[in-house]
Amino acid sequence: MKYFNVAGPCFECIHYMLDATARLHDELVELINSGQYYVIHAARQTGKTTLLINLANQINKEGKYYAVYCSLENAYVTPEPEKGIPTIINSLHIDLENYDIPHAEKFKENIDLNDPANALRFALRNYCRRLDKPLIILFDEADCLSENTLLSFLRQLRNGYINRSVAPFPVSVALVGMRNIRDYKAKIRENKESLGTTSPFNIIKQSLNLRNFTEEEVGKLYQQHTAETGQVFEKNAVKLAFEQTQGQPWLVNAIACEIIEQQLKKDYSNNITAEMVSEAIHTIILRRDVHIDQLVDKLKDPRVQKVIEPMIYYARL
């Protein structure tokens, strides 16, 4: 039996889920088919990784391109490109093999890892020369990179991008994380790089935000549970869950999970009511799951404080 997922990406075979690609489908198809590099950003547990994995599988199934999903999380806290760039290359090598892309075993062939300023670009150029179809790379956790590793990574992508007419290179690249492209500069030491015309950021065609669920989509997600078990989410319960979460995917799933697994102990004989939703929300807040703690931590961000402090001040008047 399927269940509401609150940990990691969703998989259709075991989780109740909505097609994450549907929330950005038209924009992504246009960007990919026009050979663009782009950013997708959204808060944690919004469905980014689910989107990328499904998108890569869908692209490979259609057969026009080769697509690979690659997380850059292994290069976290490695600001030195001498360490960071080889880590990225090794991660990409493993993922090319995981997706069974042709010639993956030769991805690092003849690449000088002692030249981190060029190693990734050469690896991608040489590898794309071997392929009979264009390559698409979906880089997850791109905003894990910092300082000189981030700069080197982006510069090599930019150099490969602008020379695609004379040397093969990935036809489309997604940089995906919690930050918009303009916020990547915060990961670079002050005065090292600008966002101007000489910036390695300027090859990005578009920055897309992965939106939350609509109220209708929340109802469709919950309806999957009803279809499998017969247990009904009452209309007021769906409405309250949407109003209190604004469709944030993790919260929507967490409410259903709390009710079904903790309150009702998987007893499917009773309808799920608005009162149950309210109790689940209260429990989740008091329990301070990791995502709630991360939300609280955001209040320490000076940019957030500038917004929140006046609201609190005037609310107390």
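This chain uses plain numbering: 1 for the first residue, then up along the sequence.
Between Tyr161 and Tyr37, the ring center distance clears the sub-6.0 Å criterion. The six-membered or imidazole ring of His225 lies near that of Phe4, with a centre-to-centre distance under 6.0 Å.
The environment of NZ in Lys239 is sparse: at most 12 heavy-atom neighbours from other residues, nucleotides or ligands sit within 6.0 Å.
Follow the hydrophobic side-chain contacts under 4.5 Å out from Leu72 and you reach Leu113 in the same cluster. The hydrophobic cluster containing Ile101 also contains Ile59, counting ILVMFWY residues as joined when their side-chain heavy atoms lie under 4.5 angstrom apart, directly or transitively.
Taking both residues in full, the closest heavy atoms of His41 and Lys48 are given as C-CD, 4.4 Å, listed atom of the first, atom of the second, then distance. Of all heavy-atom pairs spanning Asp267 and Gln231, the tightest one is O-NE2, 3.1 Å. The two residues Lys108 and His93 have their closest heavy-atom pair at CE-ND1, 3.3 Å.
Between the side chains of Ser34 and Glu30, no donor-acceptor pair of N or O atoms lies under 3.5 Å. Neither side chain, Tyr222 nor Asn253, offers a donor N or O lying under 3.5 Å from an acceptor on the other. Remark: the Glu228 side chain and the Tyr16 side chain contain an N/O donor-acceptor pair separated by less than 3.5 Å. Remark: the Thr21 side chain and the Asn54 side chain contain no N/O donor-acceptor pair separated by less than 3.5 Å.
Contacts of Arg130 classified as salt bridge (Lys or Arg N to Asp or Glu O under 4.0 Å), with partners at least two apart in sequence or in another chain: Glu109.
In this structure, OG1 on Thr50 lies 9.5 Å from CG on Leu210, to the nearest 0.5 angstrom. The CD atom of Glu12 sits 11.5 Å away from the CD1 atom of Ile14 when rounded to the nearest 0.5 Å.
Sorted by first and then second residue, the pairs that involve residues 114-149 and meet ring pair (Phe, Tyr, Trp, His ring centres under 6.0 Å), not counting sequence neighbours, are Phe107-Tyr127, Phe139-Phe153.
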- Show your reasoning for whether side chain to side chain donor-acceptor pair (under 3.5 Å) applies to Asn57 and Asn60. CA-CA 5 Å; Asn57 290 335; Asn60 286 321; 5.2 Å; no
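Relative to the six-membered ring of Tyr38, Lys205 misses at least one condition, a distance below 6.0 Å or an angle of at most 45° to the axis.
Contact of the Ser172 side chain with the Leu31 side chain is not registered, since no non-hydrogen atoms from C-beta on lie closer than 4.5 Å. Inter-residue side-chain proximity for Gln45 and Pro249 is flagged as unmet; no heavy-atom pair is nearer than 4.5 Å.
Of the candidates His282, Gln263, Arg287, Arg287 is the only one forming a side chain to side chain donor-acceptor pair (under 3.5 Å) with Glu258.
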